[in-house]
Structures are given as C-alpha cells and as structure tokens.
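Read through the structure below, which is laid out as structure tokens, and then see the notes.
Naming convention: chains lettered A, B, ... in sequence-line order (proteins, then strands); numbering from 1 in each chain. Below, each value reflects all heavy atoms present in this structure, side chains not excepted, and no hydrogens, waters or symmetry copies.
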There are 2 protein chains.
Amino acid sequence: MVQYTTACLDASFAALSDATRRGVLEQLGRADASITDLAEKFHMTLTGMKKHVGVLERAGLVITEKVGRVRTCKLGLRALEEEAGWIDRYRQLWDARFDELDKVVEELKRKEKVDGRNKS
Amino acid sequence: MVQYTTACLDASFAALSDATRRGVLEQLGRADASITDLAEKFHMTLTGMKKHVGVLERAGLVITEKVGRVRTCKLGLRALEEEAGWIDRYRQLWDARFDELDKVVEELKRKEKVDGRNKS
DNA sequence: TAGATACTGAACCACATGGTTCAGTATACG
DNA sequence: CGTATACTGAACCATGTGGTTCAGTATCTA
C-alpha cells in the first residue's frame, strides 16, 4: 500500500509554500526559539508569527511547549519523509516519461528519413 | 549562491498542496491529456480542471498547447529539482539538529549521575 | 451549413491565508 | 503590590482557492 495520507501531504506542502515558514523551519534547525524571537527575526507582529507557527504545528513540522509565559518552538519529529518520498517518486515518473518521449521522437525521425527516401 | 528563487518555491509547493493537482501530475507522467480527459478522470467540471492546470502551469510544472479545439497538457521541463533540493537541505539540518539534541541529553544524563552521587 | 465538441471567461460562493490592531490574561521581576 | 513581558483571541481586511454555473467562441464532422 503506497497510499500516502493525502491530507498530511496537503498540509505540509501548504506549510512549505510560504517563504516565512520555510525560514522559520531553517531557523529552528539552528536553535529552538520563542514566538517573540521568531517575530523579531522575521519583522512581524507576535500574532502574525503565532499564526505561521500554528500552520507548521498543524502540519506536524514543529512542536511547541509553553513554560511560564514563554512558548518555545522546536522542530517536530517528522523530517519531511513523506514529502521527499512523493517528490522522488514523481521525479522517477518524470524521467521515465521523458525517456519515453525521446523514443517517440527517435521513431519519428526514423520514419521521416524513410518518407524522404520515398519522395526522392 | 544557494539563494533559491523563493517565489518559485512558493508557487510550486502551493501547487503540490492539493491532492487533485498531485494526481494530475502523476497522470501526465503516464500520458499527455486534454483538459476534458483530466476533468473526467477527477470528476470535475472543465472550468474547475482548467484552473488546476493553470496553477500547475504558472508553477512551471506543466506546459500546455492548444491545437484545434483541444488543449493538450504535458509535464513541464522542471522535475522539482529545487523543491527536492530544499527538502534535502532541510533534512540534513534536521538530522544535525537532532544529533545535537542527543548530545545535550547525554550531557544531562552524565550530570544527573554526578548529582545522584553527590546526594547519596 | 447545422449541430456537436472543447474550451474559455465572467461571475458567484464559502472559506482559507497573511497580515494587522486592540484588548485582554498570565507570569516574572523589583 | 505594581509594572513590564509574552503570549492569546477576536475582529477586520484584501486577496487567493476550489469549486460551481452560465453564456459564450472556435473548431470539427456529417
């Protein structure tokens, strides 16, 4: 069963479709951070950053924990395995497809030659 | 310069965030198809499917050509190289980050042992 | 030339996104 | 206790998404 949980892919690809969120992931790869840290780094209000973190969290890419007044964000337990898997699978398909088209082109060229010969 | 064109990543990750569009890509990996073909396959109106194809086309993942009344869709020239690249880079970061955290945990365990020894 | 086919564009709908402000609440510090 | 800090939630805004219908236009085919 190579059935990916499509809802999961939906959420994580959507999460990755924003430069700020990709930046947050890279940032958290270097060090855990509070909402305030991230908001400053990306020149955004706390509320705005909290929404981005929410999206990442819902996609399972980030986990957060509140201790005292501070909510600390860190990378989640998934390292985009399924996403990388889907893309790899697609790239194989893509390669195969273009190989196939190459063959078709070859075939056409071969036929053209024959046609040319017939005409002359 | 490892500066990815963020707008491009934005568009293609967004394009991948919908199951129908991922399905269309897989389908086009098997054979070129008209808008009608795709609309039928995914149980959708022509207009609806055309929008999806538009999103894929704007992301550079699909190219289309109209001959007579039929618009034929085929895979674009990009095989998600940049997207795969970003994800790979992230996965490396993720691995490094978790290795680092492991070390911290080790360190804490070591200290705990010492504390225990001091208490007893 | 008439009718079927294939697409296209505008308009609409409900809902999500990316951002803001403003008014809270909860916690830390002096 | 009082004040500053850190977050939270509601409400708003403009824009985009995923889908529809309806009314075209353009192209085939008989």
query = Donor-acceptor pair, D99(A) side chain versus A96(A) backbone, under 3.5 Å?
reply = no
query = Between atom CZ of R89(A) and atom CD of E82(A), what is the distance when rounded to the nearest 0.5 Å?
reply = 11.0 Å
task = Round to a whole Å and report the spacing from CZ of F42(A) to P of dT20(C).
result = 14 Å
note = Per-nucleotide protein contact along nucleotides 21-30 of chain D, 5' to 3', at a 4.0 Å heavy-atom cut-off (B base, S sugar-phosphate only, - neither), is BB----BS--
ask   = Is the closest side-chain heavy-atom distance between V24(B) and M49(B) below 4.5 Å?
value = yes
inquiry  = Side chains of E81(A) and W86(A) only: does a donor on one sit below 3.5 Å from an acceptor on the other?
reply    = no
message = If you compare every side-chain N and O of R71(B) against the phosphate oxygens of dT8(C) (OP1, OP2), does one of them come in below 4.0 Å?
response = yes
ask   = Given atom CE of M49(A) and atom P of dT5(D), what is their separation to the nearest angstrom?
value = 20 Å
query = Atom NZ of K50(A) to atom C1' of dA6(D): distance rounded to whole Å?
reply = 11 Å
query = Mind checking whether R71(B) and E65(B) have side chains closer than 4.5 Å, heavy atoms only?
reply = no
remark   = Separation of dT5(C) atom P from E40(B) atom CD, nearest Å, is 11 Å
note = Rounded to whole Å, NZ of K66(A) lies from C1' of dA6(D) at a distance of 7 Å
inquiry  = Using OP1 and OP2 only, check whether a side-chain N or O of H52(B) sits under 4.0 Å from dG19(D).
reply    = yes
request  = Measure the shortest side-chain to side-chain distance between D95(A) and L93(A) over non-hydrogen atoms and say whether it is less than 4.5 angstrom.
outcome  = no
query = Contacts to DNA chain D from residues 26-34 of chain A, heavy-atom cutoff under 4.0 Å, which residues?
reply = S34(A)
request  = Keeping the roles fixed (side chain from W94(B), backbone from L80(A)), state whether a donor-acceptor pair exists under 3.5 Å.
outcome  = no
Close residues, residues 10-25 of chain B, relative to DNA chain D [heavy-atom separation under 4.0 Å] = D18(B), R21(B)
Flag side-chain contact, heavy atom, 4.5 Å: L77(B) against F98(A) = yes
message = Among residues at least two apart in sequence or on other chains, which ones pass salt bridge (Lys or Arg N to Asp or Glu O under 4.0 Å) with R78(B)?
response = E83(B)
task = Would you mind checking if R97(B) and D32(A) are paired as a salt bridge, meaning a charged N to carboxylate O distance below 4.0 Å?
result = yes
task = Compare side-chain N and O positions of K51(B) against OP1 and OP2 of dG16(D) and report whether any pair is under 4.0 Å apart.
result = no
task = Would you check, one step at a time, whether the test salt bridge (charged side-chain N to carboxylate O under 4.0 Å, His left out) holds for R21(A) with D10(B)?
result = CA-CA 10 Å; R21(A) 283 193 296 263; D10(B) 281 14; over 6 Å; no
ask   = In residues 56-63 of chain A, what residues come within less than 4.0 Å of DNA chain C, judged by heavy atoms?
value = none
key: Shared hydrophobic cluster, V55(A) / I87(B) (ILVMFWY, side-chain heavy atoms < 4.5 Å)   = no
query = Among all residues two or more places apart in sequence or in another chain, which pass the ring-ring contact (aromatic ring centres under 6.0 Å, His included) test with F42(B)?
reply = none
note = Rounded to the nearest 0.5 angstrom, the CG-CZ distance for L75(A) and R30(A) is 10.5 Å
query = Once you round it to whole Å, what is the distance between P of dT20(C) and CG of L46(A)?
reply = 10 Å
query = To the nearest Å, how far apart are E65(A) CD and dA6(D) C1'?
reply = 16 Å
